[in-house]
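Note: hydrogens, waters and symmetry copies are ignored here, and every other heavy atom, side chains too, is used. Residue numbering restarts at 1 for every chain, and letters A, B, ... go by the order of the sequence lines.
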2 protein chains.
Amino acid sequence: MQAAPKPEIAASAHDRVYRGLRTRIMHGQMAPGQALTLRGIGREFDVSMTPAREAVNRLVAEGALTMSSSGRVSTPELSNERIEELAALRALIEVELASRALPRAHIALIDRLQTINATIADVVSNRDSVGYIRTNLEFHRTLYLRAQAPAMLAMAETVWLQLGPTMRALYGRLRRSEPPQYHRLIIAALKAGDEPGLRLAVRSDVTQGLRMLAG
Amino acid sequence: MQAAPKPEIAASAHDRVYRGLRTRIMHGQMAPGQALTLRGIGREFDVSMTPAREAVNRLVAEGALTMSSSGRVSTPELSNERIEELAALRALIEVELASRALPRAHIALIDRLQTINATIADVVSNRDSVGYIRTNLEFHRTLYLRAQAPAMLAMAETVWLQLGPTMRALYGRLRRSEPPQYHRLIIAALKAGDEPGLRLAVRSDVTQGLRMLAG
DNA sequence: GCATCGAAAATGTGATCACAAAAGAGCCAT
DNA sequence: ATGGCTCTTTTGTGATCACATTTTCGATGC
């Protein structure tokens, strides 16, 4: 639930494992229901079971992994009700973040967002669903960083983390070829300083993808 | 970030430690900045360092504890900006939870809320700040449970957890003697089925206490 | 062919240990 | 008295191990 800590030099073993697994889950590189073992993680990251366990427990606490009653961990298979809830949380938090970022959104930020949006068009045409998820999140994070609200951003990222495997399943299934149309609306609202329009655009962008999965 | 799991029979050691520390922090039994050691926790709960570390790491991941660069853990001392952010998050999430609970709020629920509210008046007159925090949270949780939104409730509880030590400092400082007036407004709005009134009452109740600390 | 039972492999949990880094206590010089 | 230095104690980290449980897989019987 904390923003990913940014150690200047130090990188303890469990932090390295945590970060590796976290980005893998958030970017949709793991399918829902995929199992993990502590010894397997340890082998892969060349550490013992102890740091692997710490990383896994942290991800379980954040809802990025689920732990069965026997202690086995796997990526979550979310119910439709939970997907709807998480989408509603994304809408609530990210609309607020966008709204707080609006007064500080200068032209340099908007340029950067447009660059990222162009990248999204690329990865979409390449049918690269992992790249799509990663770049899409980068678009949102770039905007929200301007809100200067680290606790809120951390909350939003936790929701993204929980939705990672589900988004993989979603964007892997529907083979979309068009870039997200709401991103253009977000950029336009930022340029115009139109707060109601921005709120609506962000809400629509966040809700649209998940709606068709849960529906 | 997960709702506290409810094991039917099993209670692993690290879960027992986690739960113990969690309620202690959330209910304001620890002051901001208070330090903890793994060996001390292990002694207190009669376990080795391993489960103590797991519990602590989980609480750090949830933002309930902060970890210094050298690995020392303590309860967080929040800046005013962060308090404002967390209060805004409470407002966002809890207003939504209350709104979702409204259509399902029958008379039995309202009765229970009034009972809890009477208890709050008791503990307030006894100058029992820990009891006040605990009962106040119970009031909110009882209402939000009706929303049938476990992910949102878990988010709200995580925010409570992060604010626990700060709320202790706040309610310990201002020696209030009157019960929270907004709880009555919440109950009245529930009875009347007045959604805008409910949203306003919840927002006011959540924001009022923290505003005077951050301001 | 299929279900069932049992042995073997795999897995999570928690304790213990060695090690390095950090904090603290004590001491001396000024 | 106070500031700085060293030595001792405390503390977190990660590895390893034993144990209980679960899972898996193959053999056996019908």
Side-chain angles (χ1 to χ4, degrees), chain A residues 2 4-22 24-25 30-77, chain B residues 2 4-22 24-25 30-77:
Chain A
Q2 203 71 315
K6 239 204 260 181
E8 290 75 15
I9 301 111
S12 55
H14 88 260
D15 224 53
R16 187 163 47 86
V17 177
Y18 167 76
R19 234 180 286 274
L21 292 177
R22 181 185 141 103
R24 193 179 302 180
I25 295 168
M30 306 192 69
Q34 191 165 339
L36 289 172
T37 66
L38 297 184
R39 286 173 175 87
I41 295 168
R43 257 193 307 275
E44 184 180 356
F45 288 88
D46 203 52
V47 295
S48 82
M49 292 171 59
T50 311
R53 223 162 57 162
E54 291 195 20
V56 162
N57 278 325
R58 194 161 160 187
L59 290 164
V60 168
E62 289 171 336
L65 294 173
T66 57
M67 178 170 286
S68 79
S69 61
S70 69
R72 253 76 167 189
V73 293
S74 56
T75 50
E77 300 183 90
Chain B
Q2 205 70 315
K6 237 204 257 180
E8 290 76 14
I9 300 111
S12 54
H14 86 262
D15 224 54
R16 186 163 48 87
V17 178
Y18 167 75
R19 235 180 285 274
L21 292 177
R22 182 185 140 103
R24 193 179 301 180
I25 295 168
M30 306 192 69
Q34 189 165 338
L36 290 172
T37 66
L38 297 185
R39 286 173 175 86
I41 294 168
R43 257 193 307 274
E44 183 180 354
F45 288 88
D46 203 53
V47 295
S48 81
M49 292 171 59
T50 311
R53 225 162 56 160
E54 291 196 20
V56 162
N57 277 326
R58 192 161 161 187
L59 290 164
V60 169
E62 289 171 337
L65 294 173
T66 57
M67 179 170 286
S68 78
S69 60
S70 69
R72 254 73 167 192
V73 292
S74 56
T75 51
E77 301 183 270

[X] with [Y]: basic N within carboxylate O range, under 4.0 Å:
X     : Y     : value
A/R16 : A/D46 : no
B/R24 : B/E44 : yes
B/R58 : B/D15 : yes

Using whole Å, report how far [atom1] of [X] lies from [atom2] of [N].
X     : N      : atom1 : atom2 : result
B/L38 : C/dA20 : CG    : C1'   : 16 Å
A/M67 : D/dT22 : CE    : P     : 15 Å
B/R72 : D/dT10 : CZ    : P     : 12 Å
A/R43 : C/dT11 : CZ    : C1'   : 11 Å
B/R16 : C/dT13 : CZ    : C1'   : 13 Å
A/R58 : D/dT13 : CZ    : P     : 11 Å

Review point. Looking across every strand, which nucleic acid part, if any, lies under 4.0 Å from A/L36 by heavy atom: base, sugar-phosphate, or nothing?
Key: sugar-phosphate
Practice item. Please answer whether the main-chain N or O of B/Q34 pairs with a side-chain N or O of B/T75 as donor and acceptor at a distance below 3.5 Å. Key: yes
Check your understanding: Applying the side chain to side chain contact (heavy atoms under 4.5 Å, CB included) test to B/V73, which of B/L36, B/T37, B/N57 qualifies?
Key -> B/L36
Check your understanding: Considering only heavy atoms from C-beta outward, does the side chain of A/V56 approach that of A/Y18 to under 4.5 Å?
Key -> no
What's touching nucleotides 14-17 of chain D from the protein side, N or O pairs under 3.5 Å?
unit_1 : atom_1 : unit_2 : atom_2 : d
D/dG14 : OP1    : A/A13  : N      : 2.7
D/dG14 : N7     : B/R53  : NH1    : 3.2
D/dG14 : N7     : B/R53  : NH2    : 3.3
D/dA15 : OP2    : A/S48  : N      : 2.8
D/dA15 : OP2    : A/S48  : OG     : 2.5
D/dA15 : N7     : A/T50  : OG1    : 2.9

